[in-house]
There are 2 protein chains.
Amino acid sequence: MQSFTEENYLKTIYHLSQVNESPVQTNAIAEKMQTRAASVTDMLKKLFDKQLIDYKKYQGVTLTTHGETVAIGVVRKHRLWEVFLVEKLQFRWDEVHEIAEELEHINSAALVERLDEFLGFPKRDPHGDPIPNRDGIFEPSLNVNLHQIPKGNYAVIIGVSEHSPAFLRHLEKLELTIGVVLELIEITEYDGSVELLVNNKKINISREVAQHILVNRKETV
Amino acid sequence: MQSFTEENYLKTIYHLSQVNESPVQTNAIAEKMQTRAASVTDMLKKLFDKQLIDYKKYQGVTLTTHGETVAIGVVRKHRLWEVFLVEKLQFRWDEVHEIAEELEHINSAALVERLDEFLGFPKRDPHGDPIPNRDGIFEPSLNVNLHQIPKGNYAVIIGVSEHSPAFLRHLEKLELTIGVVLELIEITEYDGSVELLVNNKKINISREVAQHILVNRKETV
DNA sequence: AATAATTTTTAGATTAGACTAAATTTACAA
DNA sequence: TTGTAAATTTAGTCTAATCTAAAAATTATT
Ligand SMILES: [Mn+2]
Ligand SMILES: [Mn+2]
Ligand SMILES: [Mn+2]
Ligand SMILES: [Mn+2]
């Protein structure tokens with residue numbers, strides 16, 4: 001069994017090796033976990049002794065099969081609880097991450113399985129991220145963002161790649177939430193900002209915002 | 001804010017001062033928490049510094065108003081989560097305590113209030129224990145046990161005063177669960193064991209078991 | 001009241017996880 | 001290839017929570 005802290009390190013290493021490639025560097029972990037490199041090194045030794053990571057001094061780390069299993073288990077719990085909070089307790093999508101950071105460490109296999117069933121075995125969390133099933137299998141992550149849609153085309157919002165409450169509330173205010181269908185009118189050449197038609201209103205969003213909105217291209221309205 | 005450990009100490013002190021009277025003794029806390037008296041003393045100093053308990057060396061402890069508020073908050077969360085596990089996730093009443101011991105430390109006021117609402121503001125947990133409301137107010141604890149019912153009378157089971165899985169599974173096997181109506185046929189003089197009519201079956205239970213079953217006396221069947 | 005038993009506290013260690021400062025290794029550029 | 005910058009590890013502390021063993025205080029018993 002792992003401590004909360006160990007689980008958080010494993011989850012961080014997992015996420016970092018998803019975005020960039022492995023091996024994951026000490027400093028990257030330290031930055032993501034808001035801690036110091038020296039603390040990370042201490043923990044890496046411990047995780048290595050427990051055979052949760054492969055680690056050679058100065059060479060970065062990768063998760064072992066066992067370590068990845070644990071990490072995916074934590075991610076599964078995190079995302080299932082986020083679904084619970086939004087679907088059953090009516091939280092908004094910008095409020096759930098922080099609470100799920102705590103709930104993801106509750107340690108009961110039966111609880112996770114029953115929660116999954118209670119929620120109807122959801123495949124995606126409220127931010128569009130895939131939920132691993134009991135065996136750790138999950139759908140691919142979304143990878144088409146709004147900035148990649150050709151002008152004149154339609155798209156439906158299916159997720160986000162940035163999870164800060166500030167960003168999510170910003171989208172909420174713009175009525176850019178999951179399921180919303182929009183038309184891409186123009187991508188400004190100068191700064192990459194994007195003009196959209198959403199709910200019959202024309203709006204403008206920055207390139208950065210557009211790139212964090214994940215979409216499915218739609219053939220028709 | 002308190003650590004998990006501090007919350008557990010406060011909850012234990014609270015429960016001990018409910019059954020016996022205050023002040024609560026160091027050894028009683030140590031026994032209930034499966035730890036050593038020396039560890040308890042250390043923690044008592046810390047809780048005193050945080051003004052969560054009144055404490056004089058060798059004289060035992062009582063919760064301050066603030067300490068009691070925290071303790072009741074933890075109890076509230078524990079019992080709400082137990083209701084959730086039984087009512088929504090179909091756990092049995094003997095499986096929920098251990099999981100609730102973890103969930104009770106999740107730290108989000110909004111979560112507790114929304115969970116309470118989601119569950120329909122329950123007044124009792126799956127073992128018949130009262131659930132404090134948002135202001136810490138709760139119904140009185142149940143205090144009539146099966147051993148106190150006069151022979152020939154009817155009673156309905158409304159709670160238990162012992163929460164071990166072994167005891168709860170024993171009751172389950174005997175079909176003595178909450179809501180069940182029974183007739184008390186005889187209390188044996190020799191050993192205090194009790195003969196009951198439950199679901200048209202005559203059964204015998206020990207005095208100890210009978211005393212841990214909390215009931216409402218019923219006028220008629 | 002004196003002594004014995006019980007309870008509680010203190011003293012001194014230990015472990016997990018974190019930190020700062022210093023040393024070491026690796027990477028990169030002149 | 002050599003020197004410097006960046007990344008990483010080591011060394012030494014710190015705090016929270018625990019422990020054992022010993023000392024002190026309280027309570028019970030003669
Ligand atoms: Mn999240
Ligand atoms: Mn999410
Ligand atoms: Mn319980
Ligand atoms: Mn209960």
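Computed from a predicted model, the values in this text were never measured in an experiment.
Aromatic ring orientation, A:Phe84 versus B:Phe118: perpendicular (interplanar angle above 60°, classes split at 30° and 60°). Relative ring orientation between A:His127 and A:Trp93 is described as parallel, the plane-to-plane angle staying below 30° on a 0-90° scale split at 30° and 60°.
Nearest-nucleotide positions on DNA chain D place B:Met43 closer to the 5' end than the other of B:Met43 and B:Ala38. Residue-to-nucleotide proximity on DNA chain C shows that, of A:Thr5 and B:Gln25, the 5′-proximal contact is made by B:Gln25.
One interatomic measurement links the two molecules: OH of B:Tyr55 to P of D:dA25, which rounds to 13 Å at whole-angstrom precision. One can place CZ of A:Phe4 at 19 Å from P of D:dA16, the figure rounded to the nearest angstrom. Remark: C1' of C:dA18 and CG of A:Asn8 are 14 Å apart, rounded to the nearest angstrom. Put simply, OH on A:Tyr58 is 13 Å from C1' on C:dA27, counting in whole angstrom units. Going from atom CD of B:Gln2 over to atom P of D:dA16 covers 14 Å, rounded to whole Å. Straight-line distance from the CG atom of A:Asp42 to the P atom of C:dT20: 13 Å, rounded to whole Å. Atom pair A:Asn27:CG and C:dA27:P shows a separation of 14 Å (rounding to whole Å applied). Atom CE of A:Met1 is separated from atom P of C:dA16 by 16 Å (rounded to the nearest Å).
Using a 4.0 Å heavy-atom criterion, one finds that A:Tyr9 contacts the sugar-phosphate atoms exclusively. Residue B:Thr26 is in sugar-phosphate contact alone, with no base atom involved, counting any heavy-atom pair closer than 4.0 Å across all strands shown. Residue A:Lys56 is out of contact with every strand shown, counting any heavy-atom pair closer than 4.0 Å.
Between D:dT20 and B:Arg36, a contact under 4.0 Å exists linking OP1 or OP2 to a side-chain N or O. Side-chain N/O atoms of B:Lys57 include none lying less than 4.0 angstrom from OP1 or OP2 on C:dT7.
Side-chain contact between B:Ile53 and B:Ile13 is present, with at least one heavy-atom pair separated by less than 4.5 Å.
Of all nucleotides listed (C:dT25, D:dC19, C:dC19), D:dC19 comes nearest to the side chain of B:Thr35. Of the candidate nucleotides D:dT26, D:dT18, D:dT10, D:dT18 has the atom nearest to the side chain of B:Ser39. Relative to the side chain of A:Ala37, the nucleotides C:dT26, D:dT9, D:dT26 differ in distance, and D:dT9 lies closest.
When only modelled atom types and interatomic distance are considered, B:His163 and B:Asp94 share no side-chain donor-acceptor pair under 3.5 Å.
Salt bridge A:Glu113/A:Arg76: present, at least one basic N to carboxylate O contact under 4.0 Å.
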